[in-house]
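Structure first, then comments.
Source: prediction; values computed, not measured.
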Amino acid sequence: ANYVQLCESLSAYVHVYGLESPHYAQNPVVYSHLLANLGGRDFSVLSRIAAYTKDYTGRTNKLAHHVLVDAAERPACGPALSMDQGRLFFQEWTQEPRFLPEHRARLQDAQPHTLRAEAWEEALGDAGAAGLLAQSFLDAPDRPSFVVFKPGTNLLPLMAEALALLPPARRWQVTFSTYFTALPVGMKCAWRCCLPDADALAVARRTPNALLINLVTREVAGGNATVANLVEAARTGLFAEAPVPQPTLASDFAPSESAGVDSPAPEKQEVVRKKEKISINRGAATRLQQPKTNKIRKTRFAPIAIISV
């Protein structure tokens, strides 16, 4: 029963587009990895939550599927690549509610064909941002990092490429959500992917040195990476044997004032200017323009499939 309650607590979903919108299929999909402990047992929770066909009352709906993974069953490739294989989650459910058998599915280990962050290069224009995200976790595991995206962006490959740059023993320590709206009670989330107008970005504004990668404006701010080895590895697919110092990293990116995040109060401006900020597009930063979307809706009804691996 505790497992069911946990999964229900992790099943929140916020629709961006309503059923009447032609963009309903572009509602963001949540792929997340969180760490939990119940009854003294540590395990990972892999989740997929997505907008679904209307419920019996004609209102918006969702389908949430959670997989509980014991520590001994975690593949070395990490959580994102384990979820990106396309065979783990139900993407539709037409049956009556029922319990699924234990060990119905097993996570398969897989290795990326290259360490070069090709998805990041396509999304942002520079593969090195994957290295920034990975290094930010190594430097400060408890400090969240943020990725700003627009609906329709496939973020799971970006998470997989950044995780691939980390040592295998560290990959399952990284928690993330590809559509982050709020932090579940008692949970941590290291990498938070947010829409441009998300209230969750307020945490980025008040967290010192928080890394913010804006895929919409193609800007990056914060992070203050200690070394640039992972940045170079993401660009070239090769790891440097000797540490690449921070000055090399700083010269690779042009300064950015905000990366699309509202500025702090005026009395704090002087301190902010002194912090290192970097921009992917080598241009001046511009304020993030919030796209017009339908009114955000919260869903009340949802079929939930729960399995234990």
So how far is it from [X] [atom1] to [Y] [atom2], rounded to the nearest 0.5 Å?
| X | Y | atom1 | atom2 | answer |
| --- | --- | --- | --- | --- |
| T178 | L155 | OG1 | CG | 6.0 Å |
| R74 | L107 | CZ | CG | 10.5 Å |
| F43 | L34 | CZ | CG | 10.5 Å |
| L211 | Q135 | CG | CD | 11.0 Å |
| S32 | M83 | OG | CE | 6.5 Å |
| L115 | E161 | CG | CD | 9.5 Å |

* To do: Give the C-alpha distance, both sets of side-chain angles, the deciding distance and a yes or no for side chain to side chain contact (heavy atoms under 4.5 Å, CB included) between Y3 and L68.
  => CA-CA 9 Å; Y3 295 126; L68 279 58; 3.5 Å; yes

Please identify each residue that fulfils salt bridge (charged side-chain N to carboxylate O under 4.0 Å, His left out) with [X], with sequence neighbours left out.
| X | value |
| --- | --- |
| K54 | none |
| R116 | E121 |
| D199 | none |

* Asked: Among all residues two or more places apart in sequence or in another chain, which pass the side chain to side chain donor-acceptor pair (under 3.5 Å) test with T153?
  ->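 With sequence neighbours excluded, T153 shows a side chain to side chain donor-acceptor pair (under 3.5 Å) to no residue whatsoever.
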
* To do: With sequence neighbours excluded, tell me which residues meet side chain to side chain donor-acceptor pair (under 3.5 Å) with Q95.
  =>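 Result, side chain to side chain donor-acceptor pair (under 3.5 Å) vs Q95: R98.
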
Side chains of [X] and [Y], heavy atoms from C-beta outward: is any pair under 4.5 Å?
| X | Y | result |
| --- | --- | --- |
| L38 | L6 | yes |
| S145 | L212 | no |
| R41 | D70 | yes |
| E8 | V4 | yes |
| V203 | R192 | yes |
| P79 | V174 | no |
| V30 | S47 | no |
| H65 | W93 | no |

* To do: Could you check V67 against V69 for side chain to side chain contact (heavy atoms under 4.5 Å, CB included), going step by step and ending with a plain yes or no?
  => CA-CA 6 Å; V67 180; V69 184; 4.0 Å; yes

Treating [X] as the side-chain partner and [Y] as the backbone partner, does any N or O pair qualify as donor plus acceptor under 3.5 Å?
| X | Y | value |
| --- | --- | --- |
| D84 | P157 | no |
| S21 | Y17 | no |
| N214 | R218 | no |
| T60 | G18 | no |
| S136 | L132 | no |
| K150 | P196 | no |

Which heavy atom of [X] sits nearest a heavy atom of [Y], and at what distance?
| X | Y | result |
| --- | --- | --- |
| A117 | A130 | CB-CB, 3.6 Å |
| Q91 | L63 | C-CD2, 3.5 Å |
| A234 | G128 | CB-CA, 4.1 Å |
| A80 | L163 | CB-CD1, 3.6 Å |
| A129 | L124 | CB-CD2, 3.3 Å |
| P184 | L10 | CB-CD2, 3.6 Å |

* To do: Answer with yes or no after comparing the ring centroid distance for W172 and H33 against a 6.0 Å cut-off, counting only values under it.
  =>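 Yes - the distance between ring centres of W172 and H33 falls below the 6.0 Å cut-off.
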
* Asked: Considering the options Y13, W191, Y31, which one meets the ring-ring contact (aromatic ring centres under 6.0 Å, His included) requirement together with Y179?
  ->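 Only match with Y179 under ring-ring contact (aromatic ring centres under 6.0 Å, His included): Y13.
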
* Going by the angle between their ring planes, with limits at 30° and 60°, are H15 and Y24 parallel, tilted or perpendicular? ->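 Taking Y24 first and then H15, their aromatic rings lie parallel (interplane angle under 30°).
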
* Which pairs pass ring-ring contact (aromatic ring centres under 6.0 Å, His included) with one or both residues in residues 112-166, sequence neighbours excluded? ->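 ring-ring contact (aromatic ring centres under 6.0 Å, His included) check on residues 112-166 returns no pairs.
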
Find out if a path of hydrophobic residues (ILVMFWY) with successive side-chain heavy-atom gaps under 4.5 Å connects [X] to [Y].
| X | Y | result |
| --- | --- | --- |
| L215 | L156 | yes |
| V147 | L138 | yes |
| L35 | L81 | no |
| L201 | F180 | no |
| L165 | L238 | no |

* **Basic-acidic side-chain contact under 4.0 Å: K188, D142** =>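 Counted as a salt bridge, because a side-chain N and a carboxylate O are separated by less than 4.0 Å.
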
* To do: Tell me, yes or no, whether the heavy-atom count around Q111 atom CD, taken from other residues, nucleotides or ligands under 6.0 Å, exceeds 12.
  =>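 It does: Q111 CD has more than 12 such atoms within range.
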
* Asked: side chain to side chain contact (heavy atoms under 4.5 Å, CB included) between L133 and M159: does it pass, once the steps are laid out?
  -> CA-CA 9 Å; L133 189 59; M159 301 293 100; 4.1 Å; yes

* Checking side chain to side chain contact (heavy atoms under 4.5 Å, CB included) for the pair V148/L195: CA distance, chi angles, key distance, verdict? -> CA-CA 6 Å; V148 178; L195 293 175; over 6 Å; no

